[in-house]
**Q** 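Starting off with a structure, shown below.
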Amino acid sequence: MAGVLLWVICPKENAIGATLLSLIPKSRKQLGRSKLCSSRLKLSSGVSAFSGAVANPARSSEERVYEVVLKQAALVKEQKRESGVDVDKDVDDTEGMTDWNLLKEAYDRCGEVCAEYAKTFYLGTLLMTPERRRAVWAIYVWCRRTDELVDGPNASHITPKALDRWDKRLNDLFEGRPYDMYDAALSDTVSKYPVDIQPFKDMIEGMRMDLKKSRYKNFDELYLYCYYVAGTVGLMSVPVMGISPESKATTESVYNAALALGIANQLTNILRDVGEDASRGRIYLPQDELAQAGLSDDDIFKGKVTDKWRSFMKGQIKRARMFFDAAEKGVGELNAASRWPVWASLLLYKQILDALEANDYDNFTKRAYVGKAKKLLSLPVAYGRAMLGPSKSAQLAKTSI
Ligand SMILES: CC(C)=CCC/C(C)=C/CC/C(C)=C/CC/C(C)=C/[C@@H]1[C@@H](COP(=O)(O)OP(=O)(O)O)[C@]1(C)CC/C=C(\C)CC/C=C(\C)CCC=C(C)C
Ligand SMILES: [Mn+2]
């Protein structure tokens with residue numbers, strides 16, 4: 001399986017690409033790129049307080065990212081309007097496809113990778129309709145391969161040029177020219193669902209950032225990184241998972257919640273991995289907030305849990321929970337079958353924060369993890385929450401971050 005993931009850095013086109021090319025519907029409509037809404041952005045007071053958006057006269061990362069949210073939401077609305085087709089309805093448009101078997105195999109392979117790398121999430125996707133499930137698998141595999149470029153065993157050989165080639169491959173697959181089986185599955189997915197290329201490009205940008213940057217001046221910089229590597233996942237997934245036809249929330253607010261879940265997950269990931277990242281010379285925590293807490297890079301390299309550290313960590317955990325709270329408001333707005341895997345992954349990841357507390361904030365020598373029993377218990381809890389439908393009012397629209 002590792003070979004599958006490492007293959008991505010190979011610049012040569014794979015022979016299979018040509019065969020698979022014929023399977024991708026040629027008619028991927030040039031989805032309209034509507035003008036970005038220029039109305040004032042809604043930023044939640046709590047979150048912005050950390051991001052320095054007010055103090056910074058230039059556009060904050062939150063504002064820049066919100067433009068991508070609006071663009072993705074506009075794309076969904078536009079496709080609904082133009083085609084008269086409800087993209088949130090389940091359709092199986094495989095009829096008439098000459099060599100469906102090959103494409104089916106491509107999707108099945110994506111499912112296998114997903115099952116191997118993210119078992120709980122894979123189980124959750126089994127509740128989704130077959131069309132949505134395989135599309136989410138295809139997105140998962142692309143994200144996993146992208147992450148492996150900088151995080152996998154071959155990471156030390158990855159250069160900005162290799163990322164440029166990956167970027168070019170992305171353009172090609174969006175235009176119906178996949179290089180391999182996995183790309184073909186994603187190429188088919190993006191031809192069927194209103195998924196914009198921008199979040200994919202932004203994830204590659206996050207990997208570029210990881211190659212050249214090992215410190216983050218403030219939360220604004222960190223927010224942008226978190227958007228690139230994880231918020232993007234939320235924006236890629238919602239067009240496929242679908243919004244419930246009963247939802248009264250605005251499309252933008254649901255995308256905002258999805259973005260919040262990605263940010264929350266990544267912040268949690270960073271807090272869990274402080275010691276591990278430090279051993280690789282990386283400190284993702286905002287430098288200005290460390291300084292305010294009386295902490296330096298050296299304190300992190302020394303890895304001693306002091307009262308200063310505990311108090312700093314409490315603030316960081318509080319902020320991550322705020323992003324989880326914002327995300328939770330949006331899950332109920334998703335299509336019924338998509339809610340369970342999202343709730344399951346949200347509850348599991350959020351519990352890492354509880355584990356950090358239980359470890360007395362020692363993320364230098366201990367790894368915060370959620371035990372098997374707790375993981376198992378989360379599944380029925382997630383199922384119960386998934387049964388609850390969209391909010392009865394358009395409340396989410398008012399509380400978007
Ligand atoms: C249902 C569901 C969770 C769908 C998402 C499926 C999907 C496409 C996942 C891709 C994840 C991936 C491989 C991302 C690459 C970058 C990366 C590794 C990010 C980190 C994930 C955690 O992985 P791990 O613990 O393995 O990290 P290490 O590599 O070991 O360091 C991240 C922390 C972020 C992943 C982000 C999400 C799962 C965001 C999901 C958001 C949604 C599905 C939107 C939900 C919608 C609403 C309205 C709330
Ligand atoms: Mn990673």
Side-chain angles (χ1 to χ4, degrees), residues 5 69 72-73 110 113-114 117-128 132-133 135-152 155 186 189 195 199-200 202-204 206-207 210 225-244 247 249 251-273 276-277 282 284 320 323-335 337-350 352 367-370 382 385-386 390 396 400-401:
L5 295 166
V69 170
Q72 176 60 69
C110 291
V113 175
C114 190
Y117 283 83
K119 220 162 251 125
T120 319
F121 164 64
Y122 173 79
L123 285 178
T125 62
L126 296 182
L127 269 196
M128 296 172 145
R132 292 186 198 279
R133 173 195 312 157
V136 173
W137 291 342
I139 296 176
Y140 176 86
V141 169
W142 186 87
C143 291
R144 182 47 72 199
R145 293 172 101 187
T146 306
D147 184 60
E148 285 288 309
L149 292 176
V150 295
D151 245 7
L186 184 59
T189 289
V195 187
F200 293 82
D202 286 344
M203 184 179 275
I204 300 177
M207 305 303 152
D210 246 335
Y225 172 74
C226 291
Y227 158 69
Y228 280 151
V229 300
T232 49
V233 179
L235 304 191
M236 295 167 190
S237 313
V238 175
V240 169
M241 295 191 296
I243 297 175
S244 165
S247 170
T251 312
E252 292 84 354
S253 64
V254 180
Y255 278 96
N256 246 345
L259 166 68
L261 183 53
I263 305 275
N265 284 346
Q266 191 59 35
L267 288 175
T268 304
N269 192 291
I270 286 170
L271 297 178
R272 181 193 66 190
D273 296 342
E276 192 186 312
D277 289 332
R282 305 190 149 275
Y284 289 99
F323 280 96
F324 277 117
D325 289 347
E328 286 186 19
K329 293 191 183 112
V331 190
E333 311 299 325
L334 296 172
N335 255 327
S338 304
R339 285 179 220 142
W340 190 44
V342 174
W343 267 121
S345 82
L346 187 155
L347 294 176
L348 288 178
Y349 236 78
K350 196 170 142 178
I352 296 177
R367 184 174 168 92
Y369 81 99
V370 182
R385 294 211 187 172
L396 183 65
S400 60
I401 60 164

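All of these numbers come straight from a predicted model, not from anything done at the bench. Counting starts at 1 for both ligands and their atoms, in listed order. For the single chain, residues carry numbers from 1 onward in sequence order.
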**Q** Do Tyr349 and Arg272 make a side-chain contact, defined as non-hydrogen atoms from C-beta onward lying under 4.5 Å apart?
**A**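 Yes, side chains in contact.
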**Q** Side chain or backbone of Tyr349 under 4.0 Å from ligand 1, or both, or neither, by non-hydrogen atoms?
**A**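 Contact part for Tyr349 vs ligand 1: side chain (C-beta onward).
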**Q** I need the atoms of ligand 1 closer than 4.0 Å to a non-hydrogen atom of Ser237, numbered in the order shown.
**A**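 Contacts of ligand 1 toward Ser237, numbered from 1: 5 (C), 43 (C).
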**Q** Could you grab the distance from atom CE of Met241 to atom CD1 of Ile139, nearest 0.5 Å is fine?
**A**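 Between atom CE of Met241 and atom CD1 of Ile139 there are 8.5 Å.
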**Q** With respect to atom 7 (C) of ligand 1, which of Asp277, Val233, Leu334, Leu261 exhibits the smallest heavy-atom separation?
**A**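 Minimum heavy-atom distance to atom 7 (C) of ligand 1 goes to Val233.
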**Q** So which of Trp340, Phe121, Phe324 gets nearest to atom 4 (C) of ligand 1, if we judge by its closest heavy atom?
**A**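 Among Trp340, Phe121, Phe324, the closest heavy atom to atom 4 (C) of ligand 1 comes from Phe121.
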**Q** Just wondering, do Ser237 and Val136 contact through their side chains at under 4.5 Å, heavy atoms?
**A**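 No, their side chains stay 4.5 Å or more apart.
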**Q** A side-chain contact here means heavy atoms from C-beta on lying under 4.5 Å apart; do Arg339 and Glu333 qualify?
**A**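 Side chain of Arg339 against side chain of Glu333, heavy atoms only: no contact under 4.5 Å found.
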**Q** Going by the atom numbers of ligand 1, which of them fall below 4.0 Å from some non-hydrogen atom of Ala230?
**A**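 That gives atoms 34 (C), 36 (C) of ligand 1.
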**Q** Applying the side chain to side chain contact (heavy atoms under 4.5 Å, CB included) criterion to Trp340, which one of Leu127, Leu126, Leu123 satisfies it?
**A**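 Among the candidates, only Leu127 passes.
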**Q** Which is closest to atom 26 (O) of ligand 1 by heavy-atom distance: Glu148, Glu276, Arg144?
**A**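 Of the listed residues, Arg144 has the closest heavy atom.
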**Q** One residue to check: Ala258. Relative to ligand 1, which of side chain, backbone, both or neither has a non-hydrogen atom less than 4.0 Å away?
**A**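 Ala258 to ligand 1: contacts from backbone and side chain alike.
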**Q** Quick one: does Thr232's side chain have a donor or acceptor within less than 3.5 Å of a partner on Tyr228's backbone?
**A**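 Yes, because the side chain of Thr232 sits within donor-acceptor range (under 3.5 Å) of the backbone of Tyr228.
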**Q** Side chains of Asp210 and Tyr284: any donor to acceptor distance under 3.5 Å?
**A**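 On atom types as modelled, these side chains qualify, holding a pair under 3.5 Å.
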**Q** Between Arg282 and Asp273, is there a salt bridge with N-O shorter than 4.0 Å?
**A**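 So Asp273 does not pair with Arg282 through a salt bridge.
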**Q** Check this for me: does any side-chain nitrogen of one of Glu276 and Arg367 sit under 4.0 Å from a carboxylate oxygen of the other?
**A**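 A salt bridge is present here (some side-chain N lies under 4.0 Å from a carboxylate O).
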**Q** Near Gly330, which atoms of ligand 1 are under 4.0 Å from a heavy atom of that residue?
**A**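 Taking each heavy atom of Gly330 in turn, ligand 1 has 48 (C) under 4.0 Å.
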**Q** Suppose I only count heavy atoms of Val229 and a 4.0 Å limit; which atoms of ligand 1 are within that range?
**A**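 Counting from 1, the qualifying ligand atoms are 16 (C), 19 (C).
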**Q** Which ligand 1 atoms, with their elements, are less than 4.0 angstrom from a heavy-atom of Cys143?
**A**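 Near Cys143, meaning under 4.0 Å from one of its heavy atoms, ligand 1 has 10 (C), 12 (C), 13 (C), 14 (C), 15 (C).
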**Q** With side chains defined as the heavy atoms from C-beta onward, is the minimum distance between Asn265 and Leu261 less than 4.5 Å?
**A**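 Contact flag for Asn265/Leu261 side chains = yes.
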**Q** Show the atoms of ligand 1 that are less than 4.0 angstrom away from any heavy atom in Gly234.
**A**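 Going through ligand 1 atom by atom, the ones under 4.0 Å from Gly234 are 41 (C), 42 (C), 44 (C).
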**Q** Can you list the atoms of ligand 1 that are under 4.0 Å from a heavy atom of Met241?
**A**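 Contacts of ligand 1 toward Met241, numbered from 1: 43 (C), 45 (C).
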**Q** Check each heavy atom of Asn265 against ligand 1 and say whether those closer than 4.0 Å belong to the side chain, the backbone, both or neither.
**A**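 Within the 4.0 Å criterion, Asn265 contacts ligand 1 through backbone and side-chain atoms alike.
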**Q** Need the ligand 1 atom indices (1-based, order shown) with element for anything under 4.0 Å from a heavy-atom of Ile139.
**A**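 Listed by number with element, the hits are 8 (C).
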**Q** Does any N or O atom in Gln266 lie less than 3.5 angstrom from one in ligand 1, N or O only?
**A**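 No, no N or O pair falls under 3.5 Å.
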**Q** Is it the side chain, the backbone, both or neither of Thr268 that has a heavy atom closer than 4.0 Å to ligand 1?
**A**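 Within the 4.0 Å criterion, Thr268 makes no contact with ligand 1.
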